[in-house]
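Indexing begins at 1, ligand by ligand and atom by atom, following the structure's order. All figures in this text were calculated on a predicted structure; none of them were measured in a lab.
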Amino acid sequence: MKVLVVGKGGREHAIITALAESPGEVEIYSFPGSDAIFELAKPVEADGVASLVSYMVEHGIDLCIAGEESYLVKDEGLANACEAAGIPCWGPPKESAQLEASKEFAKEFMMRHEIPTGGYASVNDIEAARAAVAGKYPTVLKFDGLAAGKGVAVCLDEAMAEEFLEEVLVQRKFGPGRLLVEEFLEGPEISIFASVVDNQYQILAPARDYKRIYDADEGPNTGGMGAVSSLEMFEGDLREVIDATIVKPTVEGLQKDDLPYRGFLYFGLMLTAEGPRVIEYNCRFGDPEAEAVLPLIQGDFANYVFSGAKGDLQPDLIRFSSGWSICLVSASAGYPASSRSGDVISGLDDVSGARVFHSGTRLNDAGQFETAGGRVLVVVAGGESRIEAVEKVYAESEKVSFDGMQRRTDIGTRNF
Ligand code: AMP
Ligand code: GLY
């Protein structure tokens, strides 16, 4: 089987590793990929959706996996172009990927299908925004377009809200677009992943990620500084409640709205006192959640995804290990405001009993891995108990270092 994976970060490195470890022969291609990924996958030259799909046709690719979301909504849409070329794609067409690309589209979808989420108002100017906030704090403000993870502000007071509104609606920092004023929800967060194939779905192991740069959930939001995954996080009837109130109605809603979907669907949830509420949908796996969840999967991941992309979900092809999996991100100096590149990474070969996935690294002229991005690498370890996994992931991460490295010390312990 020839599989092409789109993306270049730690999530794609984890997906490609799971494919490489699947039984049977899997030939892996990667676009745009990274030096670490190219140890497992062949590099692909392309400059957009059309040329990528032409490459797949020319090279007889059997399956395309969208690791990241941007190509799903770019040009004619990756899945749309794959479908036109007759190539099974794991990742939804452009029209369905609006669930992630437009927060207003997602809210309207949830309202239409009675899926629990925070109340909201959609506005286009600062006066309307102030009226919608109505002096109630905390309030949540979200730009309704792509903003590289910087489009959401949880505002504790008027000063914070005014600053964000000024940037988004007056200076138009992210360009034109509407703004959602959203009800503030309280409770622990949980990330739920489902493999969705038309009207079928399977809920995977849940995860919790750590979005802030500093310990104790302080400092600015990042793409995620670590993640924890275990089936044990489904305490009591949590899995059943999430399935009945959120996952099932979402899959049925996609069917009712004629929104085709084959791929991972990510539900960002807040477990409020009134029950789970959806904060956001993503049309892909989470990053770094994928790096924690995928190592728990045993079985035939490659055929599981291939068969799903062809319209036949086969849950029995995979199963989840017991215990806990924890991943810890090492980020470069300056992240998330900026990122420094070119710091040599030492100790990678000393890591044993844990996996290392590369998020932002490259090989230098001397053949050493050096930093090349905000999040640099992710170390993942497992254990029968959460504490055992925490101890292991920290002991192994200690062995790896580079100048200016930033790493949280409370991944897997905080929020439990
Ligand atoms: P999002 O990009 O929509 O996932 O939001 C980023 C982060 O902002 C989430 O992971 C939450 O921590 C926080 N957040 C988003 N929406 C809300 C909300 N309605 N209430 C409280 N916190 C929120
Ligand atoms: N870790 C959050 C995300 O992938 O969106």
- Item | Y266, portion touching ligand 2 at heavy-atom distance under 4.0 Å | side chain
- Query: So do I87 and L63 actually touch side chain to side chain, heavy atoms under 4.5 Å?
  - Reply: no
- Message: Main chain of E189, side chain of R208: is a donor-acceptor contact present, judged purely on distance under 3.5 Å?
- Response: yes
- Message: Contact between F164 and L179 at the side-chain level, heavy atoms closer than 4.5 Å - yes or no?
- Response: yes
- Mode of K103 contact toward ligand 1 - side chain, backbone, both, neither (heavy atoms, under 4.0 Å): side chain
- Item | M270: numbered ligand 1 atoms lying under 4.0 Å from its heavy atoms | 21 (C), 22 (N)
- Message: Among all protein heavy atoms in this structure, tell me which lies nearest to atom 21 (C) of ligand 1, with the distance rounded to 0.1 Å.
- Response: L185 O, 3.2 Å
- Task: Provide, to 0.1 Å, the distance between atom 13 (C) of ligand 1 and the closest protein heavy atom, together with that atom's residue and name.
- Result: V154 CG2, 3.9 Å
- Test item: E396 side-chain N/O and A381 main-chain N/O as donor-acceptor pair under 3.5 Å: no
- Task: Just jot down the ligand 1 atoms closer than 4.0 angstrom to any heavy atom of F184, in number order.
- Result: 20 (N), 21 (C)
- Which protein heavy atom lies closest to atom 18 (C) of ligand 1, and at what distance to 0.1 Å? V140 CG2, 3.5 Å
- Item | pair W324-I387: side-chain heavy atoms closer than 4.5 Å | no
- Which ligand 1 atoms, with their elements, are less than 4.0 angstrom from a heavy-atom of E182? 16 (N), 18 (C), 19 (N)
- Query: Based purely on interatomic distance, does R11 place a nitrogen or oxygen under 3.5 Å from a nitrogen or oxygen of ligand 2?
  - Reply: no
- Query: Under 4.5 Å between any side-chain heavy atoms of L19 and V305, yes or no?
  - Reply: no
- With S195 as reference, evaluate Y201, Y304, W90 under the side chain to side chain donor-acceptor pair (under 3.5 Å) test and give the passing residue. Y304
- Task: Measure the distance from atom 5 (O) of ligand 2 to every protein heavy atom, then report the residue, atom name and distance (to 0.1 Å) of the closest one.
- Result: R284 NH2, 3.0 Å
- Determine, using heavy atoms of P288 and all atoms of ligand 2, whether some pair is separated by less than 4.0 Å. yes
- Message: I'd like to check which ligand 2 atoms, numbered from 1 as shown, lie under 4.0 Å from a non-hydrogen atom of D209.
- Response: 1 (N), 2 (C)
- Any sub-3.5 Å donor-acceptor pair from N282's side-chain atoms to E100's backbone N or O? no
- Tell me which one of V152, T139, N282 gets a heavy atom nearest to atom 2 (O) of ligand 1. V152
- Item | Atoms of ligand 1, numbered as shown, that sit under 4.0 Å from any heavy atom of K211 | 10 (O)
- Message: Out of the candidates E166, M160, E167, only one should pair with E163 under the side-chain contact (heavy atoms from CB on, under 4.5 Å) rule; please name it.
- Response: E167
- Item | Where ligand 2 meets G286 - atom numbers and elements under 4.0 angstrom, heavy-atom basis | 4 (O)
- One finds that the ligand 2 atoms under 4.0 Å from a non-hydrogen atom of E289 are 1 (N), 2 (C), 4 (O)
- Item | For atom 9 (C) of ligand 1, the protein heavy atom that lies nearest, with its residue and separation | E189 OE1, 3.8 Å
- Message: Are F193 and F285 an aromatic pair, judged by ring center distance below 6.0 Å?
- Response: yes
- Item | Atoms of ligand 1 close to K142 [distance to a heavy atom under 4.0 angstrom, numbered from 1] | 3 (O), 15 (C), 16 (N)
- Task: Answer with yes or no whether G224 contacts ligand 2, where contact means a heavy atom under 4.0 Å from a ligand atom.
- Result: no
- Quick note on ligand 1: atoms under 4.0 Å from a heavy atom of E280 include exactly 1 (P), 2 (O), 3 (O), 4 (O)
- Query: Do K392 and Y394 meet the cation-pi criteria used here (NZ or CZ under 6.0 Å from the six-membered ring centre, within 45° of the axis)?
  - Reply: no
- Query: Which atoms of ligand 2 sit under 4.0 Å from any heavy atom of N282?
  - Reply: 5 (O)
- Message: Tell me whether K94 contacts the main-chain N or O of D75 through its side chain, where contact means a donor paired with an acceptor under 3.5 Å.
- Response: yes
- Query: Are R408 and R212 close enough that some pair of their side-chain heavy atoms sits under 4.5 Å apart?
  - Reply: yes
- Task: For S96 and P260, indicate whether the former's side chain and the latter's backbone hold a donor-acceptor pair under 3.5 Å.
- Result: yes
- For G223, take its heavy atoms, then give the atoms of ligand 2 lying under 4.0 Å from any of them. 1 (N), 2 (C)
- Query: Considering only the protein, which heavy-atom contact is closest to atom 15 (C) of ligand 1, and what is its distance?
  - Reply: I279 CG2, 3.3 Å
